[in-house]
There are 2 protein chains.
Amino acid sequence: MNQDDDHKHRNEVTLRDVSAAVGLGMSTISRVLRNHGSFSKATRDRVMKAVDELGYVPNRIAGALASSGSNLVGIVIPSLHNIVFPDLLSGAAVALNPIGFQTVIAVTDYDIEQEQKVIQSMLAWRPAAFLVTGLEHTGRTRSMLKNSGVRVAELLDTDGEGIDLVVGFSQREAGAVSARHLLERGYRRIGYIGPQFSFDPRARKRFEGFSQVLAEAGIEPAETELIGRTSSTEAGRAALERMLARNSNLDAVYFSNDDFAVGGLFHCFAKGIAVPSRLAIMGYNGLDIGRFAPQPLTTLLTPRTEIGEIGARMVMEGGDPQVVDLPFEILEGATT
Amino acid sequence: MNQDDDHKHRNEVTLRDVSAAVGLGMSTISRVLRNHGSFSKATRDRVMKAVDELGYVPNRIAGALASSGSNLVGIVIPSLHNIVFPDLLSGAAVALNPIGFQTVIAVTDYDIEQEQKVIQSMLAWRPAAFLVTGLEHTGRTRSMLKNSGVRVAELLDTDGEGIDLVVGFSQREAGAVSARHLLERGYRRIGYIGPQFSFDPRARKRFEGFSQVLAEAGIEPAETELIGRTSSTEAGRAALERMLARNSNLDAVYFSNDDFAVGGLFHCFAKGIAVPSRLAIMGYNGLDIGRFAPQPLTTLLTPRTEIGEIGARMVMEGGDPQVVDLPFEILEGATT
DNA sequence: CACATAATTGGCAGCGCTGCCAATTATTGC
DNA sequence: GCAATAATTGGCAGCGCTGCCAATTATGTG
């Protein structure tokens, strides 16, 4: 009556079907497919042939349950609209793909409550490791992560207490280096444009490092503009316009990222403000768009792809918790 | 002797532990946690309390195996370095997160063999749906996808045969519209700069649509520069420089994306080439960076975020295979 | 050629959860 | 107050695979 085979759910091909087709035990098929344990060459060929003919696709859900281990790596980033994070993902992919791991990606929109939620639901898949952004998390996120027994790498920032592995650089120091760069060139009336600190702790730390160096030289940021949660050319352009309207006496502006900075640079081009003689501009991140602008942007190149790659590699390798500090570098352009 | 509890693997808290702690059957706990089936308010509270105290995290691997259904959605994109794809992901996230689905993301590097590999390994996790880019796949990818019974949405391009759901717009028509825009403004000696067609079928289709409209007007692209697999300001800048060195007689250049176009625009700024009077520039995608350039770039705004969102929503809703064509729009800047 | 050793292979329990259905308890109608 | 109905709850099989170990077969040794 029933034209289906005697399978339960759908007509899915299982290990058992392959086993029956080849006439070997399920364990043998499993060993061949995972290339683990011993089996003869002939067996291997027969199994592969049957797998191909039947169109068998191993069910990793069952595999993971039986072996209590998945090949999933959870990656949590605040946004996809800042190229830094896609770069981080690319770096991680370079380390993970060759060893057969897959990435489950979640975006938090710079909200640590949201981060807690997504980490909790990722944890339900028992990932092999977590790559998260920054060191700022809710207490519950920390404890979930610690209790889970899953290895964690916190990326990008080394200024603070990590949970396990930390790979990045000092955001404070990056800000400090930028301040020194401007001071060395004689700028003294310096503005700052960046995202609202409430949602980007790394930008805040850079600003703190920046301000501290200025303070040591006896000066403080002359003007500050904080931008809502976007990182766009438009926002940078508008912010610089507002800032100059308030105070046209500035000699330099430090932007918290290159998107903003390029927007600022565009504003100067459009208004005929001479850069850097009338106003110097400095960015952060070393984006392509700034480096190849008509007037190359002075910025600070961050090793974000390497951070992703090294973070992923080290977290998979195991080893003791540690902090890995990677170098960044000032790119001298023509805007300072 | 053994200070561990009598658990097998690690000290993981399971449903059984919660069940024991609350003094209710496992099925009841499971029903409460999934908010499915019936249970009393009092039971609910007791269960939640115990879950909290024990730090129980449901194991979705086991859940998915038992119920044959995961909350994972596989997303396959060619690259992360072109903002189009992060935008697609953001759109998909908007549709998927609220309904509790998680995204497993793989990058193919514009290689359909690589795409086949990643889809095969994603299939092992029995995702609830697939979102893939474009209509060009290996035959094996197609058949795997069809046989899997998993719903598939192919995004961005509607010029061709889909597997199931297709959400995007006609790449050919986008190219054609751009050509008409340039012709209407009187440009006749037109160059084209874009990625090598071998790895970007959508760029090829746009170029075909573009060339066809030119052909109907009795002209053909005066110059063509194809760039390796990168989409950067630098590459666009260098390509325009090479093209103008070969042929300084052009009156317009159509760039296959805004990153290249902005590079071209930068080249013109740097060399003092008047835009558009001496050379017109047109881009594609409607990126922020072009829209807010000192001289706003004329480009074509693509609905990529909507494509991600609508594609994800529709593929999850079920329904018959269909093609959804979304509108794009010319953004008139000051470069044509 | 008998025996030790190595290489293959099979059987079975169980990973942690859900679906189904039966059992139990609470509520309602007359 | 008792049967009938609805609301809760529990038991158990089994999702598809892997780990362990025993069974079988092939290979080597003196």
Side-chain angles (χ1 to χ4, degrees), chain A residues 5-47 50-51 54-71 121 123-126 148-149, chain B residues 5-47 50-51 54-71 121 123-126 148-149:
Chain A
D5 288 349
D6 52 345
H7 292 302
K8 309 298 156 59
H9 279 283
R10 9 177 320 103
N11 55 351
E12 206 174 83
V13 182
T14 72
L15 239 209
R16 160 167 281 111
D17 298 324
V18 180
S19 162
V22 184
L24 286 167
M26 286 171 53
S27 345
T28 302
I29 314 293
S30 175
R31 276 186 297 252
V32 172
L33 288 172
R34 286 176 297 149
N35 198 27
H36 174 273
S38 82
F39 46 82
S40 71
K41 184 86 184 69
T43 296
R44 186 195 157 78
D45 295 342
R46 280 204 296 158
V47 170
V51 163
L54 296 174
Y56 170 68
V57 179
N59 185 331
R60 267 201 205 287
I61 296 177
L65 181 59
S67 66
S68 48
S70 82
N71 69 337
S121 54
L123 228 24
W125 284 101
R126 304 295 188 269
S148 71
Chain B
D5 288 349
D6 53 345
H7 292 301
K8 309 298 157 57
H9 278 284
R10 8 175 322 101
N11 57 350
E12 208 175 80
V13 181
T14 72
L15 239 207
R16 160 167 282 112
D17 299 324
V18 180
S19 162
V22 185
L24 285 169
M26 287 172 52
S27 343
T28 303
I29 315 292
S30 174
R31 275 185 299 251
V32 172
L33 289 171
R34 286 177 297 148
N35 197 25
H36 175 273
S38 81
F39 46 84
S40 71
K41 185 85 183 66
T43 296
R44 186 196 156 78
D45 295 341
R46 281 205 293 156
V47 170
V51 162
L54 296 174
Y56 170 68
V57 179
N59 185 331
R60 264 201 206 289
I61 296 175
L65 181 59
S67 67
S68 46
S70 82
N71 69 338
S121 53
L123 229 22
W125 283 100
R126 304 296 189 266
S148 71

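Lettering follows sequence order; numbering is per chain, from 1. Everything numeric here is computed off the predicted structure, so don't read it as measured data.
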### Any residue of residues 28-39 of chain B with a heavy atom less than 4.0 Å from an atom of DNA chain C
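DNA chain C contact set from residues 28-39 of chain B: B/Ser30, B/Arg34.
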
### Query
Does B/Asp45 use its side chain to pair, donor to acceptor, with the backbone of B/Ala42 at less than 3.5 Å?
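Absent.
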
### Query
Distance-only, no hydrogens or angles: does the B/Ser70 side chain make a donor-acceptor pair with backbone N or O of B/Ala64 under 3.5 Å?
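No; zero donor-acceptor contacts below 3.5 Å.
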
Using whole Å, what does the distance between atom [atom2] of nucleotide [N] and atom [atom1] of [X] come to?
X	N	atom1	atom2	value
B/Leu15	D/dG10	CG	P	13 Å
A/Arg46	C/dT8	CZ	C1'	12 Å
B/Met26	D/dT8	CE	C1'	18 Å
A/Ile61	C/dT18	CD1	P	13 Å
B/Asn59	D/dC15	CG	C1'	13 Å
B/Arg16	D/dG10	CZ	C1'	13 Å
A/Lys41	C/dT9	NZ	C1'	18 Å

Going by heavy atoms in the side chains, are [X] and [Y] under 4.5 Å from each other?
X	Y	result
A/Arg60	B/Ile61	no
B/Arg44	B/Asn35	yes
B/Leu33	B/Tyr56	yes

Give the table of side-chain donor-acceptor pairs shorter than 3.5 Å for residues 18-27 of chain B, with sequence neighbours excluded, one pair per line with atom names and distance.
unit_1: B/Ser19; atom_1: OG; unit_2: B/Leu24; atom_2: O; d: 2.5

#### Entry: Test item: side-chain donor near acceptor, B/Arg46 and B/Thr43, under 3.5 Å
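Per modelled atom types, B/Arg46 and B/Thr43 side chains form no pair under 3.5 Å.
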
### Query
Hey, does B/Gly23 reach any base, or is it just sugar-phosphate, or nothing, if we go heavy atoms under 4.0 Å?
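If one applies the 4.0 Å heavy-atom cut-off, B/Gly23 turns out to touch the sugar-phosphate alone, with no base involved.
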
### Task
Select from B/Arg126 and B/Leu24 the residue whose nearest nucleotide in DNA chain D is closer to the 5' end of that strand.
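That would be B/Leu24.
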
### Message
Taking only side-chain N and O atoms of B/Ser27, does any of them lie within less than 4.0 angstrom of OP1 or OP2 on C/dT18?
### Response
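Result: no.
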
### Task
May I ask you to verify if any side-chain N or O of A/Thr43 is less than 4.0 angstrom from the OP1 or OP2 atom of C/dT9?
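Result: yes.
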
### Query
Of all the nucleotides listed (D/dG19, D/dC17, D/dG16), which has the minimum atom distance to the side chain of B/Leu65?
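My answer, after comparing the listed nucleotides, is D/dG16.
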
### Message
Closest approach to the side chain of A/Ser40, judged atom by atom: which nucleotide of D/dC17, D/dG16, C/dT8 is it?
### Response
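Per side-chain heavy atoms of A/Ser40, the pick is C/dT8.
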
